[in-house]
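Just so you know, these numbers use all the heavy atoms, side chains as well, and skip hydrogens, waters and symmetry mates. We count residues from 1, following the sequence as given.
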Amino acid sequence: MPELPEVETTRRALAPYMTGQRLRGLIIHNGQLRWPVQSDLADRLVGQRLLRCERRGKYLLWYFEHGVLLVHLGMSGSLRLCPCNELLRKHDHIEWHFETCCIRLNDPRRFGSVLWHPYSQGDVNTHPLLRHLGIEPFDSHFTPEYLHQALRRKQVSIKQALLNGQIVVGVGNIYCSESLFLAGIHPKTRAHRISLARCYKLHQAILETLTKALESGGSTMRDFISPDGQPGAYFEIHALVYNREGLACKRCAKPIKKIIQNQRATYYCSACQH
């Protein structure tokens, strides 16, 4: 699943081409995504200028003159720039024709979503899909103290608390395992038992892990394709623990272990994380 670094990489790649452009056409080839795409979406959007392209959690927010388009890539979706006359690829479901560029949504599993939120319905951050999201990891308000106070109210494991997304967004499965390793925290540790001192380490580890992932363009998940049509960059092959079950820990040489938490794979070192 595309996580925050992959979505932010997509945003950064597309924004220069889209921003300030007027939408000249919108074609829905298959609107049966996670939620059906509004059949009149083209009538609502064509002719509007895109004012800016932002991101909230894993949602891309396209701010038009009369509302915001929420785009989620689901489990396997991607957006790419392409010539308007390029032949459709398998699983190309929606295409947006701006004045000087064309963008297509490709989603083999169709778990993505494209939803319209008119300004008449209020601030887009009050949308049901956004209003419960936690703080952005690079927000100045995301501090070790904030993290500590938020975790004190959680009785679940630290892995589950971080993946939930209600404390901080963007710490997906790969990045969570990596962050906990860097911080030396066992993934089964109860969130409310983590001290402020350890929250300082965890806070730093989260920012370090996400920064490296952003610099490399995200993970190398087979489904992630960047907007220029290339596979995601190579964060995963530099991973310290993720997908390294049985291999030697890069710190202590003991074998990396794998457990399943809430149906998600967790990788850790039993010697380095406690």
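By the criterion of side-chain heavy atoms lying less than 4.5 angstrom apart, applied directly or through intervening Ile, Leu, Val, Met, Phe, Trp or Tyr residues, L247 is not grouped with Y242; the two fall into different hydrophobic clusters. Put simply, I167 and L163 are part of two different groups of oily side chains (I, L, V, M, F, W, Y) that touch within less than 4.5 Å, one to the next. A single hydrophobic cluster is seen to contain both F64 and I94, as judged by linkage of ILVMFWY side chains at heavy-atom distances under 4.5 Å, directly or through other members. One hydrophobic cluster, built from ILVMFWY side chains closer than 4.5 Å, cannot hold both L4 and Y146; they sit in different ones. Cluster membership check: V171 does not share its hydrophobic cluster with L133, using side-chain heavy-atom separations under 4.5 Å among Ile, Leu, Val, Met, Phe, Trp and Tyr.
E65 and R22 are joined by a salt bridge, as a carboxylate oxygen and a charged side-chain nitrogen come within less than 4.0 angstrom of each other. Salt bridge present: E8 and R11 bring a charged side-chain N and a carboxylate O closer than 4.0 Å.
The closest donor-acceptor contact from the side chain of E178 to the backbone of I174 lies at 3.5 Å or more, if one exists at all. No side-chain donor-acceptor contact under 3.5 Å links N106 to the backbone of S78. For the pair H117 (side chain) and G122 (backbone), a donor-acceptor distance under 3.5 Å is present. The closest donor-acceptor contact from the side chain of T189 to the backbone of I185 lies at 3.5 Å or more, if one exists at all. Here the side chain of Q155 pairs no donor or acceptor atom with the backbone of R190 at under 3.5 angstrom. In terms of modelled atom types and a separation under 3.5 Å, the side chain of N164 and the main chain of A161 share no donor-acceptor contact. Checking side-chain atoms of E6 against main-chain N and O of E3 turns up a donor-acceptor pair under 3.5 Å. A donor-acceptor pair under 3.5 Å is absent between the side-chain atoms of T209 and the main chain of I206, judged by distance alone. For R56 (side chain) and L60 (main-chain N/O), no donor-acceptor pair under 3.5 Å exists by modelled atom type. Remark: side-chain polar atoms of E136 are not paired, donor with acceptor, to backbone N or O of V169 under 3.5 angstrom.
For the residue pair Q261/T266, the side-chain donor-acceptor check at 3.5 Å is satisfied. Between the side chains of Y200 and E145, at least one donor-acceptor pair of N or O atoms lies under 3.5 Å.
Side-chain contact between I28 and V114 is absent, with no heavy atoms from C-beta onward closer than 4.5 Å. Under the 4.5 Å side-chain criterion, counting only non-hydrogen atoms from C-beta, C53 is not in contact with L61. Counting heavy atoms from C-beta outward, Q160 and R264 have side chains that stay 4.5 Å or more apart. For the pair R80 and D92, the minimum side-chain heavy-atom distance is below 4.5 Å. Side chains of L129 and L115 form a contact here, defined as non-hydrogen atoms less than 4.5 Å apart. Between F181 and R251, the closest side-chain pair of non-hydrogen atoms falls below 4.5 Å. Residues H97 and L26 are not in side-chain contact: their nearest non-hydrogen atoms beyond the backbone lie 4.5 Å or more apart. In this structure, L81 and F98 have side chains that are not in contact, with every pair of non-hydrogen atoms separated by 4.5 Å or more.
Within a 6.0 Å sphere centred on CG of L87, heavy atoms belonging to other residues, nucleotides or ligands number 12 at most. Within 6.0 Å of CZ on R34 lie no more than 12 heavy atoms contributed by other residues, nucleotides or ligands. Sparse packing is recorded around CZ of R152, with 12 or fewer heavy atoms of other residues, nucleotides or ligands lying under 6.0 Å away. Counting heavy atoms of neighbouring residues, nucleotides and ligands inside a 6.0 Å radius, atom CD of E99 exceeds 12 of them.
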Worksheet entry | From CA spacing to verdict: side-chain hydrogen bond (donor to acceptor under 3.5 Å, both in side chains), H29, E95 | CA-CA 8 Å; H29 299 288; E95 52 186 306; 2.5 Å; yes

Worksheet entry | Evaluation steps, ring pair (Phe, Tyr, Trp, His ring centres under 6.0 Å), between F142 and H203 | CA-CA 8 Å; F142 179 58; H203 175 268; 4.8 Å; yes

Worksheet item: L196 and L147: side-chain contact (heavy atoms from CB on, under 4.5 Å), yes or no, with the steps?
Response: CA-CA 8 Å; L196 178 58; L147 182 58; over 6 Å; no

Practice prompt. Evaluate side-chain contact (heavy atoms from CB on, under 4.5 Å) for R244 paired with K250, printing each intermediate quantity in order.
Written response: CA-CA 10 Å; R244 299 190 71 247; K250 296 182 180 181; 3.8 Å; yes

Item to complete: List the steps, then state whether side-chain contact (heavy atoms from CB on, under 4.5 Å) holds for V156 with H192.
Response: CA-CA 8 Å; V156 297; H192 71 280; over 6 Å; no

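Across every non-hydrogen atom of C252 and C269, the tightest pair is SG-SG, 3.5 Å. When all heavy atoms are compared, the tightest approach of Y119 to G67 is CE1-N, 3.1 Å. Looking at every heavy atom in both residues, K159 comes nearest to C176 through CD-SG, 3.4 Å.
Remark: R49 pairs with no residue by the side chain to side chain donor-acceptor pair (under 3.5 Å) rule, at least two apart or across chains. R193 is linked by a salt bridge (Lys or Arg N to Asp or Glu O under 4.0 Å) to nothing, counting only residues two or more places apart in sequence or in another chain. With sequence neighbours excluded, no residue forms a side chain to side chain donor-acceptor pair (under 3.5 Å) with N262. Scanning for side chain to side chain contact (heavy atoms under 4.5 Å, CB included) contacts around K257 gives Y268, S270, with sequence neighbours left out. With sequence neighbours left out, Q273 forms a side chain to side chain donor-acceptor pair (under 3.5 Å) with no residue at all. Applying the side chain to side chain donor-acceptor pair (under 3.5 Å) test to Q149 and every residue at least two apart in sequence or in another chain returns nothing.
Y63 carries R52 over the face of its six-membered ring, with the cationic atom under 6.0 Å from the centre and within 45° of the normal.
Of the inter-residue distances, the one linking L51 atom CG with T19 atom OG1 reads 9.0 Å to the nearest 0.5 angstrom.
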